[in-house]
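A note on names: the letters A, B, ... follow the listed sequences, proteins ahead of strands, and every chain is numbered from 1.
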Amino acid sequence: MNSSAGPAAEDPQQDDHQGIHRAVIEWYARAARDLPWRAPERTPWQVLVSEIMLQQTPVVRVLPVWRRWMQQWPEPRDLAEASPADVVRAWDRLGYPRRALRLHAAAQSIRDEHGGRVPSRHSELLALPGIGAYTAAAVAVFAFGQRHAVVDTNIRRVEARLFTGRALPSRSLTAAETRLAEELLPRGVPESVAWNQAVMELGALVCTARSPRCSDCPVREDCAWLVAGSPPAEDVPRGQAWHGTDRQVRGALMAVLRAAEEPVPRRLLLADASSAEQLATEHGAPPQVVVDGLTALWRLPAPAEQRERALAGLLADGLAAESDGGLSLPV
DNA sequence: CATACGTGGTT
DNA sequence: TAACCAAGTAT
């Protein structure tokens with residue numbers, strides 16, 4: 001309320017935000033989803049795995065994969081001992097399969113350099129493969145209860161609207177946003193953890209990108225964007241190209257490799273619609289290796305050069321490996 | 001700072 | 001239907 005000089009004068013903003021802190025945290029207690037990685041008995045490893053899986057991936061798609069994953073590899077050591085092929089298969093179609101490889105490498109680092117326990121320091125987490133600023137903070141906060149500013153896409157959007165009055169945050173994370181998130185963090189450790197979790201959930205459930213449910217928002221009275229009349233976003237979001245891209249070809253190649261139980265001959269993997277037909281004609285019979293997704297791969301309107309390039313990328317990333325009979329997931 | 005990197009549901 | 005979007009990271 002007041003910002004007179006005193007012990008707390010170093011962050012005069014804090015008093016002004018207490019009402020917002022209280023309202024959002026109270027809303028969370030009432031409206032939060034019941035997710036397994038939030039259960040009281042959750043382990044740091046469970047939290048870490050969930051955070052990696054949730055990178056750019058919706059909760060509903062992560063849930064079933066996470067459950068299987070934690071049953072199969074309940075501790076970092078368990079995953080560390082698995083083969084990359086098994087890890088990539090278990091990742092299923094979560095997308096960005098390089099995350100699976102990095103999580104595997106992180107598990108090995110945890111085993112080799114941290115005694116098999118997920119490290120709790122932000123700096124140590126940050127040093128693990130596949131873990132950046134967001135995930136390091138998220139694990140430190142949600143698994144270890146520390147006080148750090150978590151800055152994900154949800155929190156960026158909520159804070160952009162609530163305090164900056166903009167419909168959407170900028171394309172990339174700015175220093176100003178990080179500073180704002182840090183300034184908004186409640187003083188007390190438990191409160192800061194609750195705040196991070198609550199704002200993220202608010203962004204996921206109410207303050208959504210497309211059609212925000214402002215009538216359900218606990219801080220709609222304080223929202224700079226709403227007060228300004230909900231002006232539209234300024235810059236047009238660049239679309240994520242897909243059709244005809246290398247990424248699409250990589251995805252189709254990965255689908256085949258995941259389904260294959262044996263190495264897939266290179267010519268089979270790199271065939272296009274016409275050459276596949278030619279192969280069948282010449283051999284007078286369907287290919288010996290029947291693999292799910294091969295037909296879809298052949299049907300892609302991608303030139304041979306692009307298929308070669310996509311496969312080379314997979315090999316370079318360690319998502320595919322060459323063997324006697326052809327290509328397979330890395331053993 | 002921009003770009004590559006999967007996948008599938010929603011609008 | 002095409003475009004948008006989802007708890008980012010690495011280069």
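Between the CG atom of Asp152(A) and the C1' atom of dC5(C) there is a distance of 14 Å, rounded to whole Å. Between the CD atom of Gln197(A) and the C1' atom of dA7(C) there is a distance of 9 Å, rounded to whole Å. Leu168(A) places its CG atom 7 Å from the P atom of dC5(C), with the value rounded to the nearest Å. For the pair Leu297(A) CG and dG6(B) P, the interatomic distance rounds to 14 Å; values are reported in whole Å. Between Arg98(A) atom CZ and dA10(C) atom C1' there is a gap of 7 Å when expressed in whole angstrom units. Atom-to-atom, CG of Leu125(A) to C1' of dG8(C) comes out at 15 Å; the value is rounded to the nearest Å. Straight-line distance from the CG atom of Leu94(A) to the C1' atom of dC5(B): 14 Å, rounded to whole Å. The interatomic distance linking Trp242(A) (CH2) with dA4(B) (C1') rounds to 12 Å, in whole Å.
Contact annotation: Gln56(A) reaches the phosphate of dG8(C) (side-chain N/O to OP1 or OP2, under 4.0 Å). Considering only side-chain N and O atoms, Thr135(A) lies nowhere under 4.0 angstrom from the phosphate OP1 or OP2 of dA7(C). Not one side-chain nitrogen or oxygen of Arg99(A) sits closer than 4.0 Å to the OP1 or OP2 atom of dC5(B). In this structure, Arg258(A) reaches the dT7(B) phosphate: one of its side-chain N or O atoms is under 4.0 Å from OP1 or OP2.
Comparing the same atom, P, in dG6(B) and in dT11(C) gives a spacing of 14 Å after rounding to whole Å. Comparing dC4(C) with dT3(B), their P atoms are spaced 15 Å from each other, to the whole Å. Rounded to a whole angstrom, the distance from the C1' atom of dA7(C) to that of dA2(B) is 22 Å.
Among the heavy atoms of the strands lying under 4.0 Å from Arg157(A) are primed sugar atoms or P, OP1, OP2 only; no base atom is included. Within 4.0 Å (heavy atoms only), Gly95(A) reaches at least one base atom of the nucleic acid. Contacts of Trp37(A) with the nucleic acid, taken as non-hydrogen atoms under 4.0 Å apart, include base atoms. Residue contacts for Leu126(A): at a heavy-atom cut-off of 4.0 Å it reaches no nucleic acid atom on any strand shown. Ala209(A) comes within 4.0 angstrom of sugar-phosphate atoms only, judged by non-hydrogen atoms across all strands, and of no base.
Taking both residues in full, the closest heavy atoms of Glu51(A) and Tyr134(A) are given as OE1-OH, 2.7 Å, listed atom of the first, atom of the second, then distance. Leu101(A) and Asp317(A) get closest at one heavy-atom pair: CD2-O, 3.6 Å. Looking at every heavy atom in both residues, Ala233(A) comes nearest to Ala167(A) through N-CB, 3.6 Å.
Residue pairs meeting the side chain to side chain donor-acceptor pair (under 3.5 Å) criterion with at least one partner in residues 56-66 of chain A, sequence neighbours excluded, are Thr57(A)-Arg99(A).
Electrostatic pairing of Arg77(A) and Glu81(A) does not count as a salt bridge here, judged by no charged N lying under 4.0 Å from a carboxylate O. Ion pairing of Glu191(A) with Arg147(A) is absent here, as no side-chain N (NZ or NE/NH1/NH2) approaches a carboxylate O to less than 4.0 Å.
Environment of CG in Asp292(A): sparse, with no more than 12 heavy atoms of neighbouring residues, nucleotides or ligands closer than 6.0 Å.
For the pair Pro97(A) and Thr174(A), nearest-nucleotide mapping onto DNA chain B gives the more 5' position to Thr174(A).
In this model, no side-chain donor or acceptor of Thr57(A) finds a partner on the base of dG8(C) within 3.5 Å.
Of the N and O atoms on the side chains of Gln72(A) and Asp78(A), not one donor lies less than 3.5 Å from an acceptor on the other residue.
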So which protein N/O to nucleotides 8-11 of chain B N/O distances come out below 3.5 Å?
residue : atom : partner   : partner atom : Å
dG8(B)  : OP1  : Arg93(A)  : NE           : 3.1
dT11(B) : O4'  : Arg210(A) : NH1          : 3.4

